[in-house]
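Below: the structure, in structure tokens.
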Amino acid sequence: MLEHCGHARFVWYLAVEQGGYWRPGREAAPGFAEQCRQLTRAREAFEWLRGGSVVVQQQALKDHAQAMANFFAGTHRRPRWRKAGRDEGFRIVAVKDGDVRRLSRNVGAVRVPKVGWVRFRWSRAVPDGVRSYRVTRDAAGCWHVGFAAIPAPFPAPGTGEVVGVDRGVAVSAALSTGELLTVPGLTGGERLRLLRLQRRLARAERGSNRRKRVRAAVAKLKAREGDRRKDWVEKTSTDLARRFDVIHIEDLNVRAMTRSAKGTARAHGRNLAQKAGLNRGILASGWGRLAQRLEDKAPGRVVKINPAYTSQRCSACGIVDREARESQAVFRCRSCGHTDNADVNAAKNIAAGHAVTARGGLPLGGPANREPQLITA
């Protein structure tokens, strides 16, 4: 399977290299059909490539073609190089009915070309009629198999309830109902072990066996943290999709918010350590994944709200005052005296669909361009 990963990565490299030569005014880069014909000639010329699975190699080209289509559509960035040991995986299509079977309650087996039957943990039901699956290997060395199937969305409960979700760093998700949800990260002991391992990694000689062992230990802890974050996102998004008819979330550009602040060689950035810490906190809270999974599980019931000044507006009287948020957790309105958790107050404004300016509330997603001012009677 590592050989399959290497072949898929190599074919991806060739496709990325071909796309990199294209410039406006030049002849178009070869498409998927032409690349498949070139792959056939390459397999005839090189025995080591011919020894691999043609399905794996063609699907790597198919993935690149889809990545380029997403890039030209403006939804994704341009396909980049994959790193060995980090972005490992391959896809198998044209799966037959007998290629996936269940051996016991918790064990299944799947037929992998050129490999044979591979056992896997049956962690969830595999839908009937699956025609493709993807095998991946994470940085910790664990193998995963995912079968391609689009589950049915959750039906709306029909209660008419609307919830606002305010995403943050200290509190991963605050709901307008008053609930405060936080992503479970590493424990105190695990964080201490991670720090020690990172110090060992900094002292280890590059290319040494010791460095490989330390990197594997660090990757194992990071994978554990990522698994907990994914599990929290899945459970939280499922709970919200089942409980509420409409879900309001902030319309945030997470990619831009987590962009590096190091600047350029001529214009260096400032407060790099603080910005890097904020970026890590945002990514650890799973902002983007939570929004995506909500849209997958409750399509048509997720409304994105302009986040302007939602943390400065009083959810009780509607007054906007930047001084009302006394700390990260306390909001106290100086006009009406309303006191609430700052994140819950923002979530209530999001639930009401208020993106406000100095003139007060605006419709859902309305513009908010002017500086807010404290309004007194």
Side-chain angles (χ1 to χ4, degrees), residues 71 74-87 138-140 166-174 182-207 211-212 214-230 232-233 249-292 306-312 322-323 325-330 342-343 346 368-369 371-372:
F71 167 69
T75 59
H76 294 71
R77 290 179 288 184
R78 193 181 191 92
R80 298 179 296 180
W81 300 97
R82 291 179 175 177
K83 189 173 182 180
R86 187 174 180 178
D87 301 314
D138 59 23
D166 178 69
R167 289 169 287 175
V169 175
V171 178
S172 303
T182 303
V183 173
L186 297 177
T187 64
E190 290 171 336
R191 288 196 299 269
L192 182 60
R193 172 170 168 75
L194 178 60
L195 179 60
R196 290 173 177 172
L197 288 173
Q198 289 173 336
R199 289 173 177 171
R200 287 188 202 172
L201 186 64
R203 295 193 298 265
E205 182 180 355
R206 290 186 177 275
R211 183 178 178 86
K212 293 180 182 178
V214 176
R215 285 188 62 184
V218 171
K220 187 176 181 179
L221 282 175
K222 290 289 188 180
R224 186 179 304 171
E225 182 182 20
D227 290 342
R228 291 173 184 172
R229 179 168 54 250
K230 292 177 183 178
W232 177 87
V233 167
I249 62 174
E250 299 166 289
D251 188 8
L252 301 176
N253 189 345
V254 180
R255 180 185 297 177
M257 294 177 66
T258 56
R259 190 172 296 150
S260 174
K262 64 181 180 180
T264 62
R266 293 185 177 182
H268 297 285
R270 296 185 300 175
N271 300 325
L272 299 185
Q274 294 86 338
K275 184 61 168 66
L278 177 62
N279 292 350
R280 286 193 296 268
I282 292 175
L283 296 175
S285 297
W287 288 8
R289 183 180 292 272
L290 178 60
Q292 181 61 50
N306 189 332
Y309 311 124
T310 52
S311 62
Q312 301 176 10
R322 67 176 62 186
E323 302 296 332
R325 186 160 185 168
E326 298 182 351
S327 64
Q328 185 277 327
V330 178
D343 296 323
N369 301 321
E371 188 73 12

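- In this structure a side-chain-to-backbone donor-acceptor pair under 3.5 Å is present from Glu250 to Arg167.
- For Thr310 (side chain) and Ala346 (main-chain N/O), no donor-acceptor pair under 3.5 Å exists by modelled atom type.
- Between Leu278 and the options Leu283, Val169, Thr258, a side chain to side chain contact (heavy atoms under 4.5 Å, CB included) holds for only Val169.
- Under the 3.5 Å distance criterion, the side-chain polar atoms of Arg229 are left unmatched by any main-chain donor or acceptor of Gly185.
- Among residues two or more places apart in sequence or in another chain, the salt bridge (charged side-chain N to carboxylate O under 4.0 Å, His left out) test is passed with Arg191 by none.
- Here the closest heavy-atom approach between residue Gly288 and residue Val254 is recorded as N-CG2, 4.2 Å.
- Rounded to the nearest 0.5 Å, atoms OG1 (Thr187) and CG (Leu194) are 10.5 Å apart.
- In Arg228, the CZ atom is crowded: over 12 heavy atoms of neighbouring residues, nucleotides or ligands sit closer than 6.0 Å.
- Remark: Asp343 engages Arg325, Gln328 in a side-chain hydrogen bond (donor to acceptor under 3.5 Å, both in side chains) (not counting sequence neighbours).
- For Arg196, there are no side-chain hydrogen bond (donor to acceptor under 3.5 Å, both in side chains) partners, not counting sequence neighbours.
- Residues Val183 and Ala284 come closest through the heavy atom pair CG1-O, 3.8 Å.
- Nearest heavy-atom pair across Asp138 and Ala223 is OD2-CB, 4.4 Å.
- In this structure, Ala273 has no side-chain contact (heavy atoms from CB on, under 4.5 Å) partners at least two apart in sequence or on a different chain.
- Here the side chains of Phe71 and Arg78 are in contact, with some heavy-atom distance below 4.5 Å.
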Between Glu225 and Asp227, does a side chain to side chain contact (heavy atoms under 4.5 Å, CB included) hold up when you go through it step by step?
-> CA-CA 5 Å; Glu225 182 182 20; Asp227 290 342; over 6 Å; no
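- Contact of the Val214 side chain with the Lys212 side chain is not registered, since no non-hydrogen atoms from C-beta on lie closer than 4.5 Å.
- Looking at residues two or more places apart in sequence or on another chain, you find a salt bridge (charged side-chain N to carboxylate O under 4.0 Å, His left out) between Glu326 and Arg332.
- For the side-chain hydrogen bond (donor to acceptor under 3.5 Å, both in side chains) condition, the pairs that include at least one residue of residues 272-292, sequence neighbours left out, are Lys275-Asn279, Gln292-Asp296.
- Within 6.0 Å of CZ in Arg199 there are 12 or fewer heavy atoms belonging to other residues, nucleotides or ligands.
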Taking it one step at a time, do Leu201 and Arg211 satisfy side chain to side chain contact (heavy atoms under 4.5 Å, CB included)?
-> CA-CA 6 Å; Leu201 186 64; Arg211 183 178 178 86; 3.8 Å; yes
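- No more than 12 heavy atoms of other residues, nucleotides or ligands lie within 6.0 Å of CZ in Arg193, so this atom counts as exposed by the packing criterion.
- In this structure, Arg215 CZ and Leu197 CG are separated by 13.0 Å, a value rounded to the nearest 0.5 Å.
- In this structure, the side chains of Arg77 and Arg255 come closer than 4.5 Å at one or more pairs of heavy atoms.
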